[in-house]
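Both ligands and their constituent atoms are indexed starting at 1 by order of listing. Note that this is a predicted model, so its numbers are computed, not measured. What you see below is based on every heavy atom in this structure, not just the backbone, and it leaves out hydrogens, waters and symmetry mates.
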Amino acid sequence: MRKAGAVVAGVLSKLQESAKAGVTTGQLDEIALQMTAEAGADALFKGVRSPQAKRPFPGAICASLNDEVVHGIPSKQTVLADGDILSIDFGVRLNGYCGDSAVTVPIGRISGKKRKLLETTEGTLKVAIAEARPGVRWSQVAGKMQEYAEAAGFSVVREFVGHGIGTQMHEDPKVPNFVSEELLADDIVLTEGMVLAVEPMVNAGRHGVRVLGNGWTVVTRDGQCSAHFEHTIAIVAGGCEVLTSREALTMG
Ligand code: MG
Ligand code: MG
């Protein structure tokens, strides 16, 4: 899973630097496909089916622009512009094991509010990484994530949550970014060796979302922006290891 995570990190780093005004999300998808093939991996999202959608997901990446929350479809018609924010979600399977990660990228100069939304959403993921360790209940982690996002005046999406990950992209348990009766009734205690894809989706306005007619793209109901950060993390003795970390890459 470290190897799969490293491939995901490498691709997302490249997409992060390639996402600029004038570039299309279709071009970013092509870069991801090519790098995935070169790494001998398979793109996880391409061809995934959903009961709401007539067509399988066509992209290697999810490219969600501004008020799009997740599952935006990359397209040669979608040209990035100065002031946009773009959430890029990407996953691979390598040697039978999966990695899944997402980042929201500013395009050119963005507004102060968008900047704060990006910092808060990344911060919400960092809260989870700081708190996740053996013996901790997930509701404790989720509570701190929710508190952090809401303290900034933003809201946490309810309909989509993080997940266990292994030989399949989506495995048990679900790891929501907020506390609910449902979570408290069916809480999990983190144990060494668990691998989770933790992925806060934070809305600038209210938490409500809806799915567009294509059956895939999730947008905010109020039309305000949304951001998404995700890492695949392994629970290890005393803490967690971020398997999709881009830090070693960006320092190099
Ligand atoms: Mg993802
Ligand atoms: Mg995920």
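Results of the side-chain contact (heavy atoms from CB on, under 4.5 Å) test with H231 over V242, V103, L243, D100 single out V242 as the only residue that passes.
Closest approach of D89 to E230, counting heavy atoms only: OD1-OE1, 3.1 Å.
In this structure, L212 belongs to a hydrophobic cluster whose other members, linked by side-chain heavy atoms under 4.5 Å apart, are V219.
Protein N/O/S atoms closer than 2.8 Å to the Mg ion (ligand 2): D100 OD2, H163 NE2, E199 OE2, E230 OE2.
Counted by atom type alone, D187 and S139 present one or more donor-acceptor pairs between their side chains at under 3.5 Å.
In this structure, K116 is positioned above the aromatic face of F154, its NZ or CZ under 6.0 Å from the six-membered ring centre and within 45° of the axis.
Classification of K76 and E30 as a salt-bridged pair holds, one side-chain N sitting under 4.0 Å from a carboxylate O.
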